[in-house]
2 protein chains.
Amino acid sequence: MNVRMLCLGFLTFGDSTGYEIKKAFQERLSLLYNAGYGSIYPSLNKLHEDGLVMLREEAQNNRPDKKVYSITPEGRACFETYVQRTPGEDHFRSEALTTLMFSHLLPKEHVSDVLDLIIATYQEKIHLLSEDCDMKPTPSEKFLCGFGVKVREAAIDYINQNRHMLESCAQENSKKQTDGVE
Amino acid sequence: MNVRMLCLGFLTFGDSTGYEIKKAFQERLSLLYNAGYGSIYPSLNKLHEDGLVMLREEAQNNRPDKKVYSITPEGRACFETYVQRTPGEDHFRSEALTTLMFSHLLPKEHVSDVLDLIIATYQEKIHLLSEDCDMKPTPSEKFLCGFGVKVREAAIDYINQNRHMLESCAQENSKKQTDGVE
DNA sequence: ACCGTTATATATCAGTCCGATATATCCTTG
DNA sequence: CAAGGATATATCGGACTGATATATAACGGT
């Protein structure tokens, strides 16, 4: 599932510009997948080349022409086939948790700070998602929203219950200067 | 946190070859980060150019020379500074859940199949992690292992409790051929 | 009135990453 | 004795990220 296919997917909901597709990624899919202009505009060009979308340019006063894309029958068929394939595996990447794999090199304080940061970040995300959840237009988005909340709640619980495992193997000496015992 | 820095990080545990670093990614960090040879070998070259690692080549019978890398004092200093930065945000990407954002285009059966697949995949991962957890050498890795289990358990619970939200908005008509009502 | 920020709207580019592929040999398993 | 997996290197195309560039309108604050 690459950005190209997801652009095509968003166009099944209706005509759209690159700019609007970017917003759709952010508002509807950012929990699972995100894409920037650097991926979206080239994707739309490629889809147009391949005849999977059509393009009409709308002139605007003192702004770049709006390029409105719409999906063609071939594009729709292509996406429907694609979306019925067996999906690949999930990927999770966390810089914060990765950092904690090197607890043996870190002052104890920093380990605690990173854990607190993770919890705070998750909590804020939970807060945002909980507010949004009811307003989401489709059941799919409500489902996803709830998913994001539940998983983060479980993560916070786990961290609170097990953080001592990491904090106890970090370096005791927090000061690197003028404490010279070594 | 890119592959280059993580290679440097693994070398704080001891000297290693590119091949062994690949294994370390897989065995110790694959829950959070994964890297292939296509990233690792160029990273090691760059680190060597920058004087952050040293290289000694060990000749072997009928095999490519083993290139054993070791971290230099500059490399160690660089990594310790790097690892104390405030870490960036987590990223989660799921092709399966992304697929489900397009439930309105999918036959009901397929939605159920994808949900079952997600659960089965998570359950298998939980099984593997549970077995491995006790054998992990460092507290950091035990912590992470448990994290992977808990989060997936929460995900499975959520999916089982809420899957009807997705299944009810999928297309009823499962057969696309020779059922021609439309 | 002015200034900073956000929103609209396009596009490109360097750096980075992923997955596949290539090469070569040894060891294990059926 | 063949097939497949482990050891060990390396490269390449395609894809993605984040930053940057270009313009202008609208809005709020001082």
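Being a predicted model, the structure only gives us computed values, none of them experimental. Chain letters run A, B, ... following the sequence lines, proteins first and then strands; every chain starts at 1.
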Contact list for DNA chain D against residues 35-49 of chain A - heavy-atom distance below 4.0 Å: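 Residues of residues 35-49 of chain A that come under 4.0 Å of DNA chain D are, in numerical order, A:Ala35, A:Gly38, A:Ser39.
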Quiz item: cation-pi between B:Arg85 and B:Tyr82, 6.0 Å / 45°: yes
Face-on cation placement of A:Arg163 at B:Phe143 ring, 6.0 Å and 45° thresholds: no
Residues two or more places apart in sequence or in another chain: which of them pass side-chain contact (heavy atoms from CB on, under 4.5 Å) with [X]?
{"X": "A:Thr17", "answer": "A:Tyr19, A:Glu20, A:Lys66, A:Val68"}
{"X": "A:Cys169", "answer": "A:Ser103, B:Pro139, B:Ser140"}
{"X": "A:Lys136", "answer": "A:Asp132, A:Glu141, A:Lys142, A:Cys145"}

Per A:Asn2 side chain, nearest of listed nucleotides D:dC16, C:dT16, D:dT9: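 The answer is D:dC16.
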Candidate nucleotides C:dT10, C:dT16, D:dT9, ranked by approach to the side chain of B:Arg4 - the nearest: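 Taking heavy atoms from C-beta onward, the closest nucleotide is C:dT16.
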Angle between terminal axes - the helix from C:dA1-D:dT30 to C:dG30-D:dC1, 5 pairs each end, rounded to 10°: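 End-to-end axis angle for the helix from C:dA1-D:dT30 to C:dG30-D:dC1: 50°, rounded to 10°.
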Using atom [atom1] of [X] as one end and atom [atom2] of [N] as the other, report the distance to the nearest whole Å.
{"X": "B:Tyr69", "N": "D:dA8", "atom1": "OH", "atom2": "P", "value": "14 Å"}
{"X": "A:Arg56", "N": "C:dA9", "atom1": "CZ", "atom2": "C1'", "value": "16 Å"}
{"X": "A:Glu95", "N": "D:dT17", "atom1": "CD", "atom2": "C1'", "value": "13 Å"}
{"X": "B:Glu57", "N": "D:dA8", "atom1": "CD", "atom2": "C1'", "value": "12 Å"}
{"X": "A:Met5", "N": "D:dC16", "atom1": "CE", "atom2": "C1'", "value": "16 Å"}
{"X": "B:Met1", "N": "D:dT17", "atom1": "CE", "atom2": "C1'", "value": "17 Å"}
{"X": "A:Tyr19", "N": "D:dT22", "atom1": "OH", "atom2": "C1'", "value": "15 Å"}

Presence of A:Arg93 side-chain N/O under 4.0 Å of C:dC18 phosphate oxygens OP1/OP2: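 Yes, within the criterion.
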Distance-minimising heavy-atom pair for A:Tyr158 and B:Lys150: CD1-CG, 3.5 Å
Any side-chain heavy-atom pair of B:Glu153 and B:Val149 under 4.5 Å: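 Sidechains of B:Val149 and B:Glu153: in contact.
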B:Val151 and A:Phe92, any side-chain heavy atoms less than 4.5 Å apart: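 Sidechains of B:Val151 and A:Phe92: no contact.
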Sidechain-backbone polar pair: B:Arg28 side chain, B:Ala24 backbone, donor-acceptor under 3.5 Å: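 No; zero donor-acceptor contacts below 3.5 Å.
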A:Tyr41 and A:Tyr37 aromatic ring geometry - parallel, tilted or perpendicular at 30°/60° bounds: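 Parallel: the ring planes of A:Tyr37 and A:Tyr41 meet at under 30°.
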Interface residues of residues 20-34 of chain B with DNA chain C (non-hydrogen, below 4.0 angstrom): B:Tyr33, B:Asn34
A:His127 atom NE2: more than 12 heavy-atom contacts under 6.0 Å: no
